[in-house]
Amino acid sequence: MDILRKIIEPSLESALADIGVSDDFWKKALGVSREKSQGDLSLPCFPFAKQLGQNPAEIAEQLASSLSGEFDVAAVGGYLNFKAKSEWLARNVMSIDSAPGNTEVLIEHTSANPNGPFHVGRARNAILGDTLVRLNRLYGNEVRAEYYVDDMGKQVGVLAWALSNLSKQQVDDILDDADSINPRWAGKKDHETVRWYQAAQSLRSNEGADDIEEAIGKLVHASEHGDDAVLAQFEQAYKPVLDGMLETLSRLGIEFDTFTKESEFVVNGSVSSLMERLEGLEIHGVADNGAHFLDLGQRGLKGKTDFFYRRGDGSSLYATRDIAYHMWKWQQCDNLINVLGEDHKLQAKQVGMTLTELGEKVPNVMFYAFIKLPEGKMSTRKGNVVFMDDLLEEAKAQAASVVRELRSDLTDDEIDLIAEAVGVSAVRFNIVKVSPEKGFTFRWEEALSFEGESAPFVMYSHTRACSIASKVGRDANFESTGEIPDAMHELLRVMANYVDKLQQSITENKPHIFALYMLELATAYNSFYRDCHVIKDGAVDEFNYAISEKARELLRNGMTGAGIIPLESM
RNA sequence: GGGCGUAUAGUGUAGUCUGGAUAUCACCUCGGCCUUCUAAGCCGAUAACCGGGGUUCGAAUCCCCGUACGCCCGCCA
């Protein structure tokens, strides 16, 4: 609660100076109270005890009696508890205006290899990344969401080879219908094309596939040297798959502003000029067969210290292109954020250290742990996989059955609209609400939960506020405050934290902080809804309505930021 | 073997960077609330800091030693 902190600190500072405390180490000790009955902010007075030679309880008493302002202050067991005065809080909350941001942010996320349908394992990146995009926009930052397309190398090479060498019949024979396509997705290109990829992978794992391996190797080699024809062939192969994936992402509400192809940096020469620069670095080294590396051990890297950026044949590696890509990205923004799986930690460290060595800035990276299934790691090959398309269908179906049960007054079209919004929001929220570095096990039951800590919980509070607004049928006018019961004070308190939480969430790149905050906001609104009626005996309580409307505004904006669709009715 | 990360009620989680009061929230279980703005809601009860040392007036939080699990250690992407 920064607004309260701002008025407490100055008066506390002078009160402390009066009793002989001069440094300001206490400023970070002044924190949010643990228990709301204790107030809004609390200051433990134990640290002053030694310095002043008095016991903490006495010090707290003394301070309490000398402080006054738009807050109540009480000394309890060595703590000084501050509570904002309700009217003051209400006036401040009514004038909350978020969006002080003015930074140009480039956020790269998802960037999944375009070789098959989007599955839940890949979803954590996309959902976290997109939430970061939304939160930054909500804060007022200028954001560009970027997808880095891996359009060269082995994976695409295999796909391209398969598409130009295998017929549909051959593919069906090879896969032996083991993972036959779900009829629901027949015609969706990512689901169809992945079968060619799978068939090729199956052939490659057989004995005596040397000729295939050689053919693919040739393609990959050509792509890495920037061969236009091969790159065009690759693009033709992956484009339909990528389009299918983007269709899925779009259903999740995830869109990108720009797509940048990895091959660009080979073709335009920036990779080769980068390699020349790297060769001039102090920590540069050359292996027996002519491969080049940097000895990052000299810069403090532990574990594997040699970072290879150039093969013996002179071609670049993935990480090398990534460095060129980063240098290019830094030319276009003030802040650079990447969303990466934890398997990329070493790689990102190497890229970062190399950028530092070149005098460039290091990007902010949000790492996340993988999503696995209760049966173990997700694997398309083993069929141990949940496709996002299937999850979204299931979520929608579940939501539809709930709506149908609760709302007999709605038409099928209305139910369909609500179910889609609830399904998508629930799936996203289930993932954003936990901190990224935590291991995540996907469970259908949790993904499809519409109660408690879920998107529909927040959506529901918002529709209640909407329902009130539509009953009143006009805008609120806030002129004077009225009675402020506990439930309203609590709502005001939570609302007052809106900007703080949003800011914290984006500066620390932790979407879950804001997601959990939205649950708090909805919870507080629900209690307010119970205790502070807007419409009483047909008359509108103007003050309560004003608070309800402000809460509705924050709910709606916050939901958009958290990736929850703000319905007006559900 | 080395590097990095994670460990909190029966389950899932917040808090850990920046040490403070009876450790957050939800699910489950048990009990209560629909003649007033949508009960996908509200109110109440039960229940947890991986183990061992240390620092401190005070440790879930900081330091050391373990244990378990995950990721990484390609001239792959």
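Below, each value reflects all heavy atoms present in this structure, side chains not excepted, and no hydrogens, waters or symmetry copies. The chains referred to below are lettered A, B, ... by the order of the sequence lines, with proteins before strands, and numbering in each begins at 1.
An OP1 or OP2 oxygen of B:A21 is reached within less than 4.0 angstrom by no side-chain nitrogen or oxygen of A:S42. Taking side-chain N and O atoms only, A:K302 has no distance below 4.0 Å to OP1 or OP2 of B:G1. Between A:S527 and B:C43 there is a side-chain polar atom (N or O) within less than 4.0 angstrom of OP1 or OP2. Residue A:R530 places at least one side-chain N or O under 4.0 Å from the OP1 or OP2 atom of B:C43. Within the structure, a side-chain polar atom (N or O) of A:R311 is placed less than 4.0 Å from OP1 or OP2 of B:A77. Within the structure, every side-chain polar atom (N or O) of A:Y318 is placed at least 4.0 Å from both OP1 and OP2 of B:A77. For A:N113, no side-chain nitrogen or oxygen approaches OP1 or OP2 of B:A77 to under 4.0 Å. Between A:K438 and B:A14, a side-chain N or O to OP1/OP2 separation shorter than 4.0 Å is present.
Under the Watson-Crick or G-U wobble criterion, with both distances below 3.5 Å, B:G44 is paired with B:C30. B:C17 makes up no base pair with any nucleotide shown, lacking Watson-Crick or G-U wobble contacts both under 3.5 Å.
Using a 4.0 Å heavy-atom distance criterion, A:C45 is classed as making no nucleic acid contact. Across all strands, A:F457 comes closer than 4.0 Å only to sugar-phosphate atoms, never to a base (heavy-atom distances). Residue contacts shown for A:P56 are absent, as no nucleic acid heavy atom lies under 4.0 Å away. No engagement by A:D322 is indicated, since no non-hydrogen atom pair under 4.0 Å with the nucleic acid exists. Using a 4.0 Å heavy-atom distance criterion, A:G77 is classed as making no nucleic acid contact. Residue A:Q398 is classed as having no contact, given no heavy-atom separation below 4.0 Å to the nucleic acid. In this structure, A:A287 reaches the bases: a heavy-atom distance under 4.0 Å links it to at least one base atom across the strands shown. Counting any heavy atom pair closer than 4.0 Å across all strands shown, A:M152 reaches sugar-phosphate atoms only and no base atom. At the heavy-atom level, A:R407 lies under 4.0 Å from base atoms of the strands shown. Residue-level contact check: A:Y309 touches neither bases nor backbone, having no heavy atom under 4.0 Å from any strand. Within the 4.0 angstrom heavy-atom criterion, only backbone atoms of the sugar-phosphate kind lie near A:L317; the bases stay farther away. Using a 4.0 Å heavy-atom cutoff across all strands shown, A:V156 reaches no nucleic acid atom at all.
Annotation: A:E375, atom CD; neighbour count of heavy atoms from other residues, nucleotides and ligands within 6.0 Å is above 12. Counted within 6.0 Å of NZ on A:K304, heavy atoms from surrounding residues, nucleotides or ligands total more than 12; the atom is thus considered enclosed. At most 12 non-hydrogen atoms from other residues, nucleotides or ligands lie less than 6.0 angstrom from CG of A:D288. Remark: A:E568 CD is loosely packed, at most 12 non-hydrogen atoms of other residues, nucleotides or ligands lying under 6.0 Å away.
Nucleotides B:C69 and B:G74 are separated by 25 Å at their C1' atoms, to the nearest Å. The same atom, P, is picked in B:C28 and in B:G41; the two are 10 Å apart, to the nearest Å. As rounded to the nearest Å, B:G15 and B:A9 have P atoms that lie 16 Å from one another. For the P atom pair drawn from B:G2 and B:U22, the interatomic distance equals 42 Å after rounding to whole Å.
Rounded to an integer number of Å, the gap from A:I371 CD1 to B:C71 P is 14 Å. Residue A:L301 contributes atom CG, which lies 10 Å from atom P of B:C4 at whole-angstrom precision. The nearest whole Å value for the distance from the CZ atom in A:F429 to the C1' atom in B:C25 is 11 Å. With rounding to whole Å, A:I513 atom CD1 is found 14 Å from B:U24 atom C1'. Counting to the nearest Å, the P atom of B:A77 and the CG atom of A:D151 are 12 Å from each other. Distance CE (A:M275) to P (B:C75): 15 Å, rounded to an integer number of Å. What separates CG of A:N544 from P of B:U36 is a distance of 19 Å, to the nearest Å. One interatomic measurement links the two molecules: CD of A:E549 to P of B:C37, which rounds to 18 Å at whole-angstrom precision.
No donor-acceptor contact under 3.5 Å links the side chain of A:S454 to the base of B:A40. One N or O donor and one acceptor, one from the side chain of A:E453 and one from the base of B:G12, sit under 3.5 Å apart. Judged by distance alone with a 3.5 Å cut-off, no donor-acceptor contact links the side chain of A:D343 to the base of B:C72.
Note: A:F259 and A:Y147 meet the aromatic proximity criterion, with ring centroids under 6.0 Å apart. Proximity of the aromatic rings of A:F528 and A:Y525 is defined here by a centroid distance below 6.0 angstrom, and this criterion is met.
Two residues, A:I418 and A:I468, neighbour RNA chain B, and the one matched to the more 5' nucleotide by heavy-atom proximity is A:I468. Residues A:L80 and A:E342 each lie close to RNA chain B; by heavy-atom proximity, the contact nearer the 5' end of the strand is made by A:L80.
Without hydrogens or angle criteria, A:T523 side chain to A:L519 main chain gives a donor-acceptor distance under 3.5 Å.
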Given A:D500 and A:Q503, is the side chain to side chain donor-acceptor pair (under 3.5 Å) satisfied, shown in steps? CA-CA 5 Å; A:D500 304 348; A:Q503 186 173 29; over 6 Å; no
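The side chain of A:V76 lies closest to B:A21 when the candidates are B:A21, B:C75, B:G5. In the set B:A77, B:G12, B:A40, the nucleotide with an atom closest to the side chain of A:Q347 is B:A77. Listed nucleotides B:G15, B:A40, B:A21 differ in distance to A:H512; the shortest reach to its side chain belongs to B:G15. Nearest nucleotide to the A:H533 side chain, out of B:U6, B:U36, B:A40: B:U36. With distances taken from any side-chain atom of A:L346 to the nucleotides B:C72, B:C17, B:G41, the minimum falls on B:C72. Residue A:K377 places its side chain closer to B:C71 than to any other of B:G41, B:C71, B:C75. Taking every side-chain heavy atom of A:F450 into account, B:A40 is the closest of B:A77, B:A40, B:C75.
In this structure, B:C34 is classed as syn because its glycosidic torsion stays within 90° of zero.
Between the side chains of A:Y325 and A:E146, at least one donor N or O sits under 3.5 Å from an acceptor N or O.
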